[in-house]
2 protein chains.
Amino acid sequence: MQFSKSTDYALHALIHLGLSESRNHIGIKELSASLGVSESYLSKIMSKLRQDGIVRAVPGVNGGYELARPADRITFLDVIHVIEGRQQLFECSNSSSRQHRLLAEGRVERQETERWGQGECLVEKVMVGAERHLHQYLREHTIQMVLDEANRIRSAEGIEK
Amino acid sequence: MQFSKSTDYALHALIHLGLSESRNHIGIKELSASLGVSESYLSKIMSKLRQDGIVRAVPGVNGGYELARPADRITFLDVIHVIEGRQQLFECSNSSSRQHRLLAEGRVERQETERWGQGECLVEKVMVGAERHLHQYLREHTIQMVLDEANRIRSAEGIEK
DNA sequence: TTTATTATCGACATTAAAGGTCCGCATTCA
DNA sequence: TGAATGCGGACCTTTAATGTCGATAATAAA
Ligand code: SF4
Ligand code: SF4
């Protein structure tokens, strides 16, 4: 139960783009050098981000990537959804077991088939709740927040010197 | 980013034990039949649960498993920690990258090495927060809650007939 | 004490997913 | 046009989850 490295890479790539807003396009070369990841692999991740409308890409000389929308409208949840997919935190794998019948059979016979059949069982109810909490938190945190923090540190550095 | 099947099995095994509190010991045979999982595999999971003090096991004739403490003191988080391990939701994999130096170098030079070096960076700060929320929720939900719900359904069934 | 029963543990096999590489193709723009 | 750049499919490697087998140890009942 851990986020993949790809998510790590994606977040850092977006942060890099965010910190380089002045220059218009950042090539995969610069990104991969900055993150320490191979160009081939990182480009796959960037492609996903592009397909989901998080970044824009332009090929050709002086091409590269840029954020497709302001950093304060790119949430951590957005990024995670793109990379990790939208699979549920918990997915029952034995809904045909003897035990399931014990726990769930009752309702099925009483017109609650729809709500129950859709995956609202005793265990999943807890897990879906957990997922909702997690997603809520991740939705409230954007790339911009990291950029602000980074800039704050940067300028503090500048003054000090 | 999903809980493993083992977690699923563990939760259901515990629920089965909880619903069978009257009888003292439940063998791996009954459990595996109820869940539809092989005895070999399930027994490994049960061993983990035993090592972490969630269940007790006694070998020999009429042996088997039982909950090591009341079901209302076994939280979902307990179970998940046993099965999934205690690895963080997010673990930075490129803390030696050029970008990291950009984002984090400043602080290291100002006696904040300890807090920072321990893994409190801009990105992780968000992720650790997310993890805390998730864990908080899972800590508040116990096996007993599922048992109660199941018993409520059961008795409603009984009255109906 | 003997014996049948049961959990335990290590070794191994299988499968699925993540991580990573390569190369030909399409697109842009100087 | 042609050099630079991103795109995407095929493929390989590594890692983790899942699953099986068999030998061993512990227990309680007879
Ligand atoms: S009760 Fe829920 S989690 Fe358990 S077997 Fe049924 S559907 Fe799956
Ligand atoms: S800023 Fe944090 S997440 Fe990013 S490279 Fe440094 S330690 Fe890792």
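Below, chain A is the first sequence line, B the second, and so on; all start at residue 1.
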Select one nucleotide: of [options], the one nearest the side-chain heavy atoms of [X].
X: Val61(B); options: dG6(D), dA29(D), dG20(C); result: dA29(D)
X: Lys5(A); options: dG19(C), dT18(D), dT27(C); result: dG19(C)
X: Ser40(A); options: dA26(D), dG8(D), dC22(C); result: dC22(C)

- prompt: Ser20(A) side chain to Arg23(A) main-chain N or O, any donor-acceptor pair under 3.5 Å?
  reply: no

OP1 or OP2 of [N] sitting under 4.0 Å from any side-chain N/O of [X]?
X: Arg50(B); N: dT8(C); answer: yes
X: Gln51(A); N: dC7(D); answer: no
X: Tyr65(A); N: dC7(D); answer: yes
X: Tyr41(A); N: dC11(D); answer: no
X: Ser6(B); N: dT18(D); answer: yes
X: Ser4(A); N: dA17(C); answer: no
X: Ser38(A); N: dT21(C); answer: yes
X: Arg56(B); N: dT27(D); answer: no
X: Ser47(B); N: dA7(C); answer: no

[atom1] of [X] versus [atom2] of [N]: gap in Å, rounded?
X: Ile45(A); N: dC7(D); atom1: CD1; atom2: P; value: 13 Å
X: Gln87(A); N: dA17(C); atom1: CD; atom2: C1'; value: 10 Å
X: Ile28(B); N: dA25(D); atom1: CD1; atom2: P; value: 21 Å
X: Ile26(B); N: dT5(C); atom1: CD1; atom2: P; value: 18 Å
X: Glu39(B); N: dT5(C); atom1: CD; atom2: P; value: 14 Å
X: Glu30(B); N: dA7(C); atom1: CD; atom2: P; value: 11 Å
X: Ile80(B); N: dA17(D); atom1: CD1; atom2: C1'; value: 17 Å
X: Met46(B); N: dC9(C); atom1: CE; atom2: C1'; value: 16 Å

message: Return whichever of Ser43(B) or Tyr9(A) has its heavy-atom-nearest nucleotide of DNA chain C closer to the 5' end.
response: Ser43(B)

message: Using 0.5 Å steps for rounding, measure from the CZ atom of Phe3(B) to the CG atom of Leu11(B).
response: 9.0 Å

field: His133(A) side, atom NE2; Arg132(B) side, atom CZ - distance, nearest 0.5 Å
entry: 14.0 Å

query: Does Val58(B) share a hydrophobic cluster with Leu42(B), counting links as ILVMFWY side-chain heavy atoms below 4.5 Å and allowing steps through other members?
result: no

query: Does the dG9(D) base have a donor-acceptor partner in the side chain of Lys44(A) within less than 3.5 Å?
result: yes

- request: On the 0 to 90° scale, with breaks at 30° and 60°, tag the His141(A)-Phe76(A) ring pair as parallel, tilted or perpendicular.
  value: perpendicular

Given DNA chain D, 5'-ward residue of the pair Gly63(A) and Met1(A), judged by closest heavy atom: Gly63(A)

statement: Assign each of Lys29(A) and Asn62(B) the nucleotide of DNA chain D bearing its closest heavy atom; nearer the 5' end lies the nucleotide of Lys29(A)

task: Could you tell me whether Phe3(A) contacts a base, only the sugar-phosphate backbone, or nothing, with contacts defined as non-hydrogen atoms closer than 4.0 Å?
output: nothing

- prompt: After noting the C-alpha distance and the side-chain angles of Ser6(B) and Tyr41(B), does the key distance pass the side-chain hydrogen bond (donor to acceptor under 3.5 Å, both in side chains) rule?
  reply: CA-CA 9 Å; Ser6(B) 294; Tyr41(B) 193 42; 3.0 Å; yes

